[in-house]
Amino acid sequence: MAQEQIILRWIETGRLRSRHHAAFAAILDDEERARARHFRFKEDEIMFTAAHALARCTLSEIDGRPPHSWTFRIGPYGKPAVVVAQDAPEIRFNLSHTKGLTIVAVAIGRDIGVDVEKITHPAPLEIADRYFTRQECDLLLRSAGRRRDAAFFSIWTLKEAYMKALSRGMDLPLDSFVVDLDPAHLARSDQDKTWERWQFWQDRIGASHIAALAVDWPDADALPISGRAVDPNELSSLCGAT
Ligand SMILES: CC(C)(COP(=O)(O)OP(=O)(O)OC[C@H]1O[C@@H](n2cnc3c(N)ncnc32)[C@H](O)[C@@H]1OP(=O)(O)O)[C@@H](O)C(=O)NCCC(=O)NCCS
């Protein structure tokens with residue numbers, strides 16, 4: 001078991017085909033399958049199914065259990081968590097999807113959050129005032145043109161990853177913490193006395209997406225991230241398709 005690793009796996013959902021769907025759906029539980037069926041468009045159903053299959057297969061990479069055997073409970077703010085035996089290491093995960101990409105992060109005993117956004121359109125800079133702190137808005141103003149768009153998406157995904165790592169989602173006031181760039185880090189967090197233990201990672205995935213990760217990882221200079229893309233055919237075979 002990879003105790004001291006953060007596993008990051010992503011899948012380009014534009015490459016999914018309906019033939020993959022049955023293999024992915026076969027390893028989900030009844031609740032996940034029911035949620036998948038609620039999507040109006042088949043494309044969204046396939047993406048959801050792929051995201052949850054990828055989460056299960058990534059969890060299995062760290063533990064070796066079969067992907068279908070994972071069970072989950074939903075936390076008070078909606079974050080899914082793995083149900084583990086009392087004496088087993090606590091495996092934590094988070095996932096994010098956006099058009100074209102789904103990403104999953106898994107670690108043992110560390111709170112973790114991940115976010116991905118598509119960056120092929122101009123950033124909605126006009127909403128920065130509503131979502132970002134004064135310091136984060138100043139960061140934006142220090143860059144111009146496409147660099148400002150890039151800074152917007154960096155700040156957005158980092159804030160989202162941190163909110164998701166803490167599990168609280170929208171319950172966490174957006175002005176209660178500040179992210180900074182170059183390198184990406186948490187500059188302050190009012191509701192978290194030990195905020196300095198948090199580390200961020202951020203990178204482009206292909207030409208169209210940016211991903212961010214926040215993890216409670218106080219004891220390392222560089223995060224031991226093992227990250228790679230998973231091909232839809234590979235995911236199918238991990239799900240047991242022949
Ligand atoms: C769910 C939430 C945490 C993220 O939503 P989102 O950005 O639309 O969605 P993502 O694709 O990144 O993540 C969704 C996944 O996060 C997980 N999730 C759900 N609630 C969560 C929570 N409270 N904390 C962490 N993860 C959560 C789920 O696995 C979900 O996937 P699923 O529905 O397939 O099971 C949302 O409630 C939220 O709070 N969004 C904040 C939006 C915002 O204002 N951001 C401003 C940033 S500056």
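Every number for a ligand or one of its atoms is a count from 1 in the order of the listing. All values below come from the heavy atoms of this structure, side chains included, with hydrogens, waters and symmetry mates left out.
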Would you mind listing each N/O atom of ligand 1 next to any protein N/O under 3.5 Å, plus the distance?
residue, atom, partner, partner atom, Å
ligand 1, 7 (O), E160, OE2, 3.2
ligand 1, 11 (O), H97, N, 2.9
ligand 1, 11 (O), H97, O, 3.2
ligand 1, 12 (O), S96, OG, 2.8
ligand 1, 12 (O), D115, OD1, 3.2
ligand 1, 12 (O), K164, NZ, 2.9
ligand 1, 13 (O), L95, O, 3.4
ligand 1, 13 (O), K164, NZ, 2.8
ligand 1, 16 (O), L95, O, 3.4
ligand 1, 16 (O), K164, NZ, 3.4
ligand 1, 20 (N), G78, O, 3.1
ligand 1, 23 (N), Y77, O, 2.8
ligand 1, 23 (N), S167, O, 2.7
ligand 1, 24 (N), S167, O, 3.4
ligand 1, 26 (N), N94, ND2, 3.1
ligand 1, 33 (O), R35, NH2, 2.8
ligand 1, 34 (O), H52, NE2, 2.7
ligand 1, 34 (O), H97, NE2, 3.0
ligand 1, 35 (O), R35, NH1, 3.2
ligand 1, 35 (O), H52, NE2, 3.4
ligand 1, 39 (O), M170, N, 2.9
ligand 1, 40 (N), E160, OE2, 3.0
ligand 1, 45 (N), E160, OE1, 3.1

Mind checking what makes side chain to side chain contact (heavy atoms under 4.5 Å, CB included) contact with [X], not counting sequence neighbours?
| X | answer |
| --- | --- |
| T120 | K118, S208 |
| L174 | Y131, K159, M163 |
| A165 | W198, A214 |

Test item: side-chain donor near acceptor, R15 and N233, under 3.5 Å
no

Presence of salt bridge, D149 and R146, under 4.0 angstrom
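No.
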
Just to verify, which of K164, R92, R168 counts as forming a salt bridge (Lys or Arg N to Asp or Glu O under 4.0 Å) with D111?
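Answer after filtering K164, R92, R168: R92.
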
